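These notes are about the structure you will find just below.
This structure is a prediction, so every number in the text was calculated from the model and none was measured.
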Amino acid sequence: MSTPPVPILVAVAWPYASGSRHLGHLAGAYLPADVFARFQRLAGNRVLMVSGSDVHGTPITVRADAEGVTPAEIADRYHAEFLDAWERLAITWDCYTSTGTENHGAVTHDMFLRLLEKGHIDRRTGEQFFDVEAGRFLPDRYIEGTCPHCGYAEARGDQCEDCGRTLDPEELLGPRSKITGAEPEVRSTDHFYLRLSDFEESLGAWLDGREGWRRHVLNFSKGWIEEGLQDRAITRDLDWGITVPVDGFGDDKRIYVWFEAVIGYLSAAKEWARRQGDPEAWRDWWEGDDARSVYFIGKDNIPFHTIIWPAMLTGYGDLNLPTDVPANQYLTFKGGKASASRGVGLTIGEGLRLFEPDALRYALAASFPEQSDTDISVEEIARRTNDELVATWGNLVNRVLSMVNAMCDGVVPEPGDRTDADLALLAGVDAALVTAADQIDRVELRAALRTAMEAAAEVNAYLNVTEPWKLARTDPDRARVVLGTALDAVNGVRVAFSPYLPFSSSVLEEVLGPVEGWHRPELSPGRPIDKPTPLFAKVDLEALESGEPG
RNA sequence: GGCGACGUAGCUCAGCUGGUGAGAGCGCCCGACUCAUAAUCGGGAGGUCGACAGUUCGAAUCUGUCCGUCGCUACCA
């Protein structure tokens, strides 16, 4: 566009490498980020899209113990799985790394030490349950026992799932380790705390000044502030994670993942800069006044991105706070929250086995849970694919290219004398691009996809009115003008779809030429148009249900 | 228990700071067309906007209560 390029950091939630991620994660964070990033690049902005695999934390060590392998093996397995998924979905990271890199450890240490030096981190002594058999301290939720309130025998140390009450693990009757079943003992242990209370006022004022944020994000965040920010322990008794850079603190403690993982946005930017051969390049996105940073996450991550991370950035100083955190709600599967571990919904891999990537991207984008939880199913994805993507857009491309091939000597025709109606169609397409740009920029991605679909429908309507297949017999010159107009229109509509449908967009680029900006490209008359093959295949739902399991 | 969100046509969802007779897509019915992946286009039917009470000249939109669903509750990330 005509405005100067803006550095835009597209920060995407870090998938936890403890197991497969599901379509809810994809629709909630990775895919919206990719659509947004692809658009911003086309609009001429300088996008830096970063994320990586979160490879530390207790759940990974527990899974590793259970399988008799090392935590690194678990992390490597799922990191590789994620990389494969990104490639198959064409997610366009500028840097997809992991929290296991040396760089990330160094950046984390730098953040930790600066906050420590400035007094925002302090050291405290507390007590915690210790599993003697496993030789490790236990997070609250890894302790089970009888609920003192309702007598439920398998209450967790943080909460009783039967009566819903919040618990302290000391309250449990007959506590036992969820890992070994042994009775845990209480031991005293030292930890560092992030003094969130230092930032209560400044964060409250900052949040009050946010404009354009989704209401649920703002409500939730302000609610946290109103309840009062409590200091949080940021180290754990664990041997898997980033070390604590304080002499004599002990080798059996690590920095806790929620403190460390969010730093990944910064360390990934630095890693990217170094790979570019310009180690200071990250500053444009983190220090520039004109820079924007947009964090794509699920709603369960809201407080980490609207409270804790901004607190850390504020404490560290001189780094930009999030411009927007357009957190998504949940994607549900037939009413239940997607959960790979509980077998609700499809994993990303299962989704890719059932559907071609553009179809999956389209169906999920049409159902991005931007305002409220959104329900989806295999049938719904198939429906979106067949009745919307194939019927309206795929078919439009196919019918126009077929007619141009058959009725215009197989080449792009000269524009000729276009009527007001012809010009109105093109003006409508161009206006749709402007509308969609505005919507995507505000992260209203469903609406922008709808805008693209409406534009496609207008081209279909235009063809039904002008009936070029009849004109071909009665007025071939006029037929060529109409088809040239329709082809130009399709050429513009494809731009609006391109952030959502990279695979079919590539196919169209071979036919119509590259898309080089957020505007309708020029089409050269005389360019050959071969007989087309369909952009997308219809989904055979019955075959899906009888054949391939997930 | 506390906090938050949601409950709008058969299905999935929009409806911002209250005000043209309540919207979209898909599905359904009728019609047109046949270039196109039985695709497309036009028209239509269909909702007491969860329930009740209140504020207001006027509420899907504000307040309260209730019913239902869900999420979070800060040592899972």
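- When the C1' atom is compared between B/rG18 and B/rC28, the two are found 34 Å apart, to the nearest whole Å.
- Nearest nucleotide to the A/A461 side chain, out of B/rU17, B/rC41, B/rC35: B/rC41.
- Distance from the side chain of A/Y330 is smallest to B/rG71 among B/rG71, B/rC35, B/rU37.
- Look at the P atom in both B/rG7 and B/rU63: the space between them is 14 Å, to the nearest Å.
- Residue A/R232 has a polar side-chain atom (N or O) positioned under 4.0 Å from OP1 or OP2 of B/rC75.
- Residue A/P468 is classed as having no contact, given no heavy-atom separation below 4.0 Å to the nucleic acid.
- Here A/L463 lies out of heavy-atom contact (under 4.0 Å) with every strand.
- A distance of about 40 Å separates the C1' atoms of B/rA36 and B/rU20, rounded to the whole Å.
- You'll find that the side chain of A/Q371 is closest to B/rG15, out of B/rU34, B/rG15, B/rC72.
- Taking atom CE of residue A/M403 and atom P of nucleotide B/rU37, one finds them 11 Å apart after rounding to whole Å.
- No hydrogens or angles were tested; on distance alone, a donor-acceptor pair under 3.5 Å links the side chain of A/Q128 to the base of B/rC75.
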Run the side-chain hydrogen bond (donor to acceptor under 3.5 Å, both in side chains) check on A/T235 and A/H191 step by step: do they pass? CA-CA 6 Å; A/T235 51; A/H191 283 293; 2.6 Å; yes
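- Spacing between atom CG of A/D375 and atom P of B/rA14 amounts to 12 Å, rounded to whole angstrom units.
- Look at B/rC49: it lacks any Watson-Crick or wobble partner with both distances under 3.5 angstrom.
- Put simply, the side chain of A/E356 never gets that close to the backbone of A/F536: no donor and acceptor are under 3.5 Å apart.
- Of the nucleotides present, B/rG54 is the one that pairs with B/rC62 by Watson-Crick or G-U wobble criteria, both distances under 3.5 Å.
- Side-chain atoms of A/N405 do not come within 3.5 Å of backbone N or O of A/G410 as any donor-acceptor pair.
- Both distances falling under 3.5 Å, in either a Watson-Crick or a G-U wobble arrangement, occur for no nucleotide opposite B/rA39.
- Applying the Watson-Crick and G-U wobble criteria (two distances, each under 3.5 Å), B/rG68 pairs with B/rC6.
- Using a 4.0 Å cut-off, some side-chain N or O of A/S372 falls inside it from OP1 or OP2 of B/rA14.
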Take A/T451 and A/Q439, measure what side-chain hydrogen bond (donor to acceptor under 3.5 Å, both in side chains) needs, and give me the verdict at the end. CA-CA 9 Å; A/T451 298; A/Q439 289 166 326; 2.7 Å; yes
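- A gap of 14 Å separates the P atoms of B/rG19 and B/rG23, to the nearest Å.
- Here B/rG25 sits opposite B/rC11 as a Watson-Crick or G-U wobble pair (both hydrogen-bonding atom distances under 3.5 Å).
- When both distances must be under 3.5 Å, the Watson-Crick or G-U wobble mate of B/rU17 does not exist.
- The phosphate of B/rA39 has OP1 or OP2 within less than 4.0 Å of a side-chain N or O from A/K538.
- Nearest-nucleotide assignment on RNA chain B puts the 5′-proximal partner with A/Q329, out of A/Q329 and A/N386.
- Taking the P atom of each, B/rA59 and B/rG27 are spaced 36 Å apart, rounded to whole Å.
- Taking atom C1' on both nucleotides, B/rG68 is separated from B/rG50 by 8 Å, rounded to a whole Å.
- Remark: A/N395 is not in phosphate contact with B/rU37, judged by side-chain N or O atoms under 4.0 Å from OP1 or OP2.
- As a whole-Å value, the separation of A/L364 CG from B/rC13 P is 13 Å.
- Between the side chain of A/E127 and the backbone N or O of A/V186 there is no donor-acceptor pair closer than 3.5 Å.
- One can place CH2 of A/W213 at 20 Å from C1' of B/rU17, the figure rounded to the nearest angstrom.
- With A/R21 contributing its side chain and A/Y16 its backbone, the two residues share a donor-acceptor pair below 3.5 Å.
- Heavy-atom nearest nucleotides on RNA chain B were determined for A/S402 and for A/Q230, and the one closer to the 5' end corresponds to A/S402.
- For B/rG1, the paired nucleotide is B/rU73, the pair qualifying as Watson-Crick or G-U wobble because both relevant distances are below 3.5 Å.
- Counting any heavy atom pair closer than 4.0 Å across all strands shown, A/V390 reaches a base atom.
- Within 4.0 Å (heavy atoms only), A/A233 reaches no atom of the nucleic acid at all.
- Comparing B/rC26, B/rC76, B/rG71 by their nearest atom to the side chain of A/P59 picks out B/rC76.
- Residue-level contact check: A/G228 touches the bases, meaning some heavy atom is under 4.0 Å from a base atom.
- With hydrogens and angles ignored, the 3.5 Å screen pairs a side-chain donor or acceptor of A/W240 with a backbone N or O of A/V55.
- Within the 4.0 Å cut-off from OP1 or OP2 of B/rA5, at least one side-chain nitrogen or oxygen of A/N219 is found.
- Using P as the reference atom, B/rG43 and B/rG25 are 11 Å apart when rounded to the nearest Å.
- For the pair A/Y362 OH and B/rG25 P, the interatomic distance rounds to 12 Å; values are reported in whole Å.
- Between A/Y96 and A/F82, a ring centre-to-centre spacing not shorter than 6.0 Å is recorded.
- Nucleotides B/rC29 and B/rC35 place their P atoms 25 Å apart, quoted to the nearest Å.
- The residue A/W224 sits close to a base: some heavy atom pair falls under 4.0 Å.
- Taking atom CD1 of A/I381 as the reference point, atom C1' of B/rC26 lies 15 Å away to the nearest angstrom.
- Nucleic acid contact class of A/F536 (heavy atoms, under 4.0 Å, all strands): base.
- For the pair A/K222 NZ and B/rC3 C1', the interatomic distance rounds to 16 Å; values are reported in whole Å.
- Atom pair A/L401:CG and B/rA36:C1' shows a separation of 10 Å (rounding to whole Å applied).
- Taking the six-membered ring for Trp and the full ring otherwise, the centers of A/Y295 and A/Y265 sit less than 6.0 Å from each other.
- No engagement by A/A537 is indicated, since no non-hydrogen atom pair under 4.0 Å with the nucleic acid exists.
- Proximity note for A/R399 (side chain, C-beta onward) versus B/rA36, B/rU37, B/rG71: the nearest is B/rA36.
- Comparing B/rU40, B/rG27, B/rU34 against the side chain of A/D387 picks out B/rG27 as the nearest.
- In this structure, the nucleotide among B/rG25, B/rU40, B/rU34 sitting nearest to the side chain of A/E388 is B/rG25.
- Checked by distance alone, A/N464 brings a side-chain donor or acceptor within 3.5 Å of a matching partner on the base of B/rU40.
- A/K253 places no side-chain N or O within donor-acceptor distance of the main-chain N or O of A/T189, the cut-off being under 3.5 Å.
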